[in-house]
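Worksheet for the structure shown next.
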Amino acid sequence: MGAQSAATHSLRGRLLWFVLVAIFLAALLQAATAYRGALQQADAMFDEHLQQMARSLRSGVPLNSPLDEADSDDRFEVYVQIWGQDGTQIFRSTRSALPPRAVLGFSDVEAHGNRYRVYTLQTALQTVQIAQDLDARSARARALALRAVLPFAFLTPLLMLAVWWVISRSLAPIERARRQVAGRRADDLSPLADAGLPDEVRPLVDELNLLFGRVRAAFEAQRHFVADAAHELRSPLTALKLQAQALRRHGDAPADHEAGIARLNQGIDRAIRLVEQLLVLAREEAAGPPDGAAGAAAAAPVNLQDVVKLAVSDVLPHAHHKEIDLGVAGELPAQAVEVGGQSEALRILLRNLLDNAVKYTPPAGRVDVSLAMQDGAPVLAVEDSGPGIQPGDRERVFDRFYRAGKEGAPGEATETGSGLGLAIVKAIAERHGAELQLGTSERLGGLRAQVRFPAATPGV
């Protein structure tokens with residue numbers, strides 16, 4: 001069954017089968033047509049020969065000529081009978097077996113078990129009858145017809161062999177590409193050679209090379225991610241170990257004991273937060289960007305008003321703890337604003353933006369989130385009254401584990417963090433085809449983070 005399925009789905013096998021069968025059938029039809037045409041032409045030629053002989057006898061050819069010796073083949077001899085004006089037979093071939101009667105023109109006569117083709121011509125002075133054996137005549141016609149068919153018998157196999165060679169040579173680059181893929185190592189993602197490939201196959205190889213490039217980039221990103229994650233996890237885990245040792249050494253002093261427990265809990269919380277962020281980033285980067293330029297990550301519609309409410313409720317306890325005024329700037333659009341995507345991923349996107357804003361905004365500050373339509377596209381924005389990000393750092397803050405400093409304190413970040421929040425935001429935005437921009441808030445003076453989606457579908 002496997003071999004039969006492979007043969008059935010072989011492009012080379014199917015091309016050879018259909019083309020060779022088509023050539024064979026066409027050659028067979030042409031040979032049959034040529035054979036039939038040659039038979040008709042031979043029959044017409046023999047009839048013309050009988051007519052010419054009859055006219056020559058009418059024109060005064062000596063009757064004592066041995067007409068029955070007109071052909072060296074005894075089976076193809078010509079039989080002659082001539083009658084005078086009064087109906088008296090004045091000539092008859094030596095071996096003629098024709099009956100002593102005549103029908104003017106062409107006729108087929110059967111006599112003594114043989115069939116004859118007869119032509120009779122009547123003049124004012126005599127009646128001439130010329131006949132040939134039909135079996136001998138048909139054998140001669142078939143021989144002539146077979147000669148006309150012989151070129152087809154020789155050329156058809158040559159043509160089929162040439163077609164087989166052409167198809168095999170044309171598909172050789174495909175077979176070469178298949179062998180390249182089959183002989184590769186699992187980690188070999190270099191592009192396939194496209195030299196000599198037909199135009200119909202080249203786009204497939206180009207897409208495979210693009211896929212190899214994307215997979216290679218994903219592997220490289222994962223390799224760097226694992227290396228960075230190992231480096232970043234080593235520091236908090238080492239700090240936890242040191243704090244546990246310090247707690248053991250100062251276990252007798254209640255104050256030191258409580259302070260050590262507090263520091264240990266803080267370290268554990270930071271480690272948990274870092275692991276959570278690493279897992280979220282790994283999941284979002286593994287999903288990759290959309291295939292289309294503006295394609296959504298999924299077909300499910302997501303109501304951005306609901307995303308805003310859920311994200312604000314997630315960050316609100318932290319904001320209250322720092323006495324930060326967190327809320328929605330203005331009013332949300334009255335009509336539902338929907339985009340194609342994943343609700344949980346968009347919630348993480350907005351929550352990370354709000355987390356960063358609350359984290360870097362001083363106590364008693366303000367963080368606003370807004371949702372608006374601009375030129376038919378929904379725009380999410382988060383503004384804060386914090387120190388903002390220096391213009392030179394705004395591109396780099398999307399790199400993993402990069403921590404930007406405040407304006408006024410270049411290169412020094414006063415708030416601790418994993419450096420993964422904005423990297424996660426960027427990954428989710430790219431997967432949803434959204435554009436992410438960082439700028440300065442004109443209302444609050446801090447950072448303004450804006451996410452512009454490519455399209456919106458109003459809800460009913």
Heavy-atom pair of closest approach, residues Met373 and Pro378: SD-CA, 3.7 Å
State, to 0.1 Å, how close Ala377 and Pro454 come at their nearest heavy-atom pair, and which atoms those are. CB-O, 4.4 Å
Tell me whether the count of non-hydrogen atoms from other residues, nucleotides or ligands lying under 6.0 Å of CZ in Arg115 goes above 12. no
Would a 4.5 Å heavy-atom cut-off, applied to side chains only, mark Val302 and Gln342 as touching? no
Hey, could you give me the CD/CE distance between Gln52 and Met45, rounded to the nearest 0.5 Å? 10.5 Å
Report the distance from atom CD of Gln437 to atom CZ of Arg448, rounding to the nearest 0.5 Å. 9.0 Å
So, Ser168 side chain and Trp165 main chain: donor-acceptor pair closer than 3.5 Å or not? no
For Val451 against Ala434, the heavy-atom pair lying closest together: CG1-CB, 3.8 Å
Count the heavy atoms belonging to other residues, nucleotides or ligands that lie under 6.0 Å from CZ of Phe24, then report whether that count exceeds 12. no
Output, in order, the C-alpha distance, side-chain angles, deciding distance and verdict of side-chain contact (heavy atoms from CB on, under 4.5 Å) for Arg347 and Ser343. CA-CA 6 Å; Arg347 179 179 176 181; Ser343 176; 5.5 Å; no
Against Val369, only a single residue in Asp384, Val308, Leu353 fulfils side-chain contact (heavy atoms from CB on, under 4.5 Å); can you say which? Val308
How close do Ala34 and Phe152 get, heavy atom to heavy atom, and via which atoms? CB-CE1, 3.8 Å
Taking it one step at a time, do Val307 and Leu371 satisfy side-chain contact (heavy atoms from CB on, under 4.5 Å)? CA-CA 10 Å; Val307 171; Leu371 173 63; over 6 Å; no
Close side-chain approach of Val339 and Leu346, heavy atoms under 4.5 Å: yes
Are Phe46 and Arg117 close enough that some pair of their side-chain heavy atoms sits under 4.5 Å apart? no
Chi angles and distances behind the side-chain contact (heavy atoms from CB on, under 4.5 Å) call for Gln51, Phe106: CA-CA 9 Å; Gln51 286 180 321; Phe106 287 102; 3.5 Å; yes
The reported gap from CG in Leu438 to CG in Leu447 (rounded to nearest 0.5 angstrom) is 5.5 Å
Atom CD of Glu442 with >12 non-hydrogen neighbours under 6.0 angstrom: no
Would you compute the distance between atom CD1 of Ile130 and atom CG of Leu50 and round it to the nearest 0.5 angstrom? 7.0 Å
Would you name the heavy atoms of Ile428 and Ala345 that are closest together and state the gap between them? CD1-O, 3.2 Å
Identified side-chain contact (heavy atoms from CB on, under 4.5 Å) counterpart of Leu354 within the set Leu349, Val315, Leu316: Val315
Can you tell me how far OG1 of Thr120 sits from CD1 of Ile82, rounded to the nearest 0.5 angstrom? 11.5 Å
Looking just at side-chain N and O atoms, do Gln450 and Arg452 make a donor-acceptor pair shorter than 3.5 Å? no
Please assess Asp47 against Tyr119 for the test side-chain contact (heavy atoms from CB on, under 4.5 Å), listing each intermediate value before the final yes or no. CA-CA 8 Å; Asp47 283 348; Tyr119 178 73; over 6 Å; no
Could you label the plane-to-plane angle of the Phe453 and His432 rings as parallel, tilted or perpendicular, counting under 30° as parallel and over 60° as perpendicular? perpendicular
Drop me the distance from Glu338's CD to Gln305's CD, to the nearest 0.5 angstrom. 8.5 Å
